[in-house]
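Notes follow once the structure below has been shown.
Because only heavy atoms are used, hydrogens play no part in the values below, and waters and symmetry mates are left out as well, while side chains stay in. Numbering of ligands and ligand atoms starts at 1, following listing order. These numbers come from a predicted model, not from an experiment.
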Amino acid sequence: MLSHADNELLCRIGPGTAMGDVFRRFWSPVCLAEQVSRADGDPLRVGVLGERLVAFRDTEGRLGLLEEACPHRGVSLALGRNEAGGLRCLYHGWKFAADGTILETPNCVDAGFRQRVRARSYPVREAGGLIWAYLGPAEKMPAFPHWPFFDIPVDNMRVNRIDAPVNYMQQLEGGADSSHVGVLHSNFARPGWMSGGFNANTDPDNPAALVTGDLAPTLLLEDTEFGFHYAAIRQLEGEDGDGRRNVRVVPIIMPSTRIIPSPAVQFVIFEVPIDDTNTATFGVSYRLDGAPVDRDKLNEMSGRFNPALFSEHTHGYLGTWQTRFGQDRTRMQEDWSGIQGVVMEDMAMAMSQGAIADRSKEHLVPADQAVVRARRQLLESARRVAAGGDPIGVNVDVSRIRAIDSTVPGNVRWQDLVTHGKAAA
Ligand code: FES
Ligand SMILES: [Fe+2]
């Protein structure tokens with residue numbers, strides 16, 4: 001449980017907030033590359049950390065990320081004309097270069113004026129099928145991180161987003177919480193749950209598949225330089241046993257990223273606050289062997305095929321209490337949740353907690369220790385940044401961070417499977 005004050009500290013991310021200052025110290029995905037793929041294409045409204053921005057690609061292919069409100073009188077530049085080397089406000093025709101420089105002001109002939117004013121702009125990069133931005137102080141800008149999937153051809157990955165009207169922390173906690181996987185996602189984790197037996201789901205692409213029916217694995221947490229990782233260790237039983245264990249290691253990378261493994265695929269998930277009560281979840285799925293992922297199958301598993309719950313066009317999650325988040329209670333004899341798809345199950349849980357969950361009323365148990373650790377690290381970062389220091393995990397090499405889902409003989413130490421940074425001192 002958290003005090004009301006700490007809950008506010010954890011969840012509020014707008015300009016001038018302590019947690020907002022933490023997030024502003026990191027490079028963060030702000031939209032999909034495909035959303036601004038064309039030179040002179042449609043400008044895109046981008047909400048991030050409580051700020052309203054517009055992203056566009058100019059005639060030369062340069063990316064711009066500007067404050068959405070025109071510096072003249074605040075009209076949205078997302079309605080503007082994107083042509084001939086800049087974005088032009090529809091209202092009085094001021095024209096902006098990708099870096100925010102004002103190129104033309106048709107209603108003001110004073111050329112000196114254009115030198116004195118500019119549109120607020122942010123550093124922006126494209127990599128791994130995503131557009132990344134840095135919204136923090138210039139003198140604190142960290143090196144642009146090299147995520148492992150930057151080395152995989154974009155065409156071989158699945159890169160997507162889903163925006164939901166819920167605080168980022170509920171999404172992050174859902175991702176850090178392993179004990180819900182064998183319950184909420186029973187259809188995937190424990191096919192045959194309805195008969196009381198356990199049939200292992202052997203699909204190597206499925207991140208919710210468990211190798212045993214063990215719902216209370218040994219959970220070990222270790223702080224690392226990027227945040228922490230936790231290992232869930234499950235003993236195999238019966239003839240498969242002979243001491244073999246399944247090891248799942250999930251890295252939680254500050255401030256709000258995690259990597260979920262299946263035996264073959266890594267699912268890197270970034271929770272990016274749009275504002276206090278909206279979150280963009282960016283997902284990158286890639287195979288460890290670099291071969292193309294099966295996008296159709298992964299979409300099917302996630303439940304993104306249902307137009308009542310997800311808009312391919314806006315990337316918005318559409319479930320509400322009006323539609324009971326897609327829950328069909330007539331199917332619950334053979335379907336655990338009555339909700340189709342792993343992501344849609346997660347979304348329903350997060351949405352049902354309210355826009356910002358009240359953590360002063362909860363009753364935590366040892367299985368929640370990863371959730372607790374994530375909160376504690378974020379709150380610690382907020383205190384450090386407020387005191388003029390650096391947040392946990394900033395400027396850390398992320399290129400070797402991997403999640404692990406591996407079944408190994410009893411004499412293999414799980415720590416030896418970990419290729420990324422050692423435990424923090
Ligand atoms: S409001 Fe944009 S040019 Fe006037
Ligand atoms: Fe989940």
Side-chain heavy-atom pair Arg402, Leu288 within 4.5 angstrom cut-off:
yes
Can you establish whether the number of heavy atoms outside Arg114 located under 6.0 Å from its atom CZ is more than 12?
yes
Of all the atoms in Asp346, is at least one N, O or S atom closer to the Fe ion (ligand 2) than 2.8 Å?
yes
Aromatic contact, Trp147 with Phe282 (centres under 6.0 Å)
no
Counting no waters, how many protein N/O/S atoms sit under 2.8 Å from atom 4 (Fe) of ligand 1?
2
Hey, are Asp335 and Asn187 close enough side-chain-wise for a donor-acceptor pair under 3.5 Å?
yes
Do the numbers put Arg125 on top of the ring of Trp27, so that NZ or CZ is under 6.0 Å from the six-membered ring centre and no more than 45° off the axis?
yes
Going by atom types only, do Asn246 and Asp405 share a side-chain donor-acceptor pair under 3.5 Å?
yes
Does Arg373 come within less than 4.0 Å of Asp223, counting only side-chain N to carboxylate O?
yes
If I consider every N, O or S atom in His185, which one ends up closest to the Fe ion (ligand 2)? I only need its name.
NE2
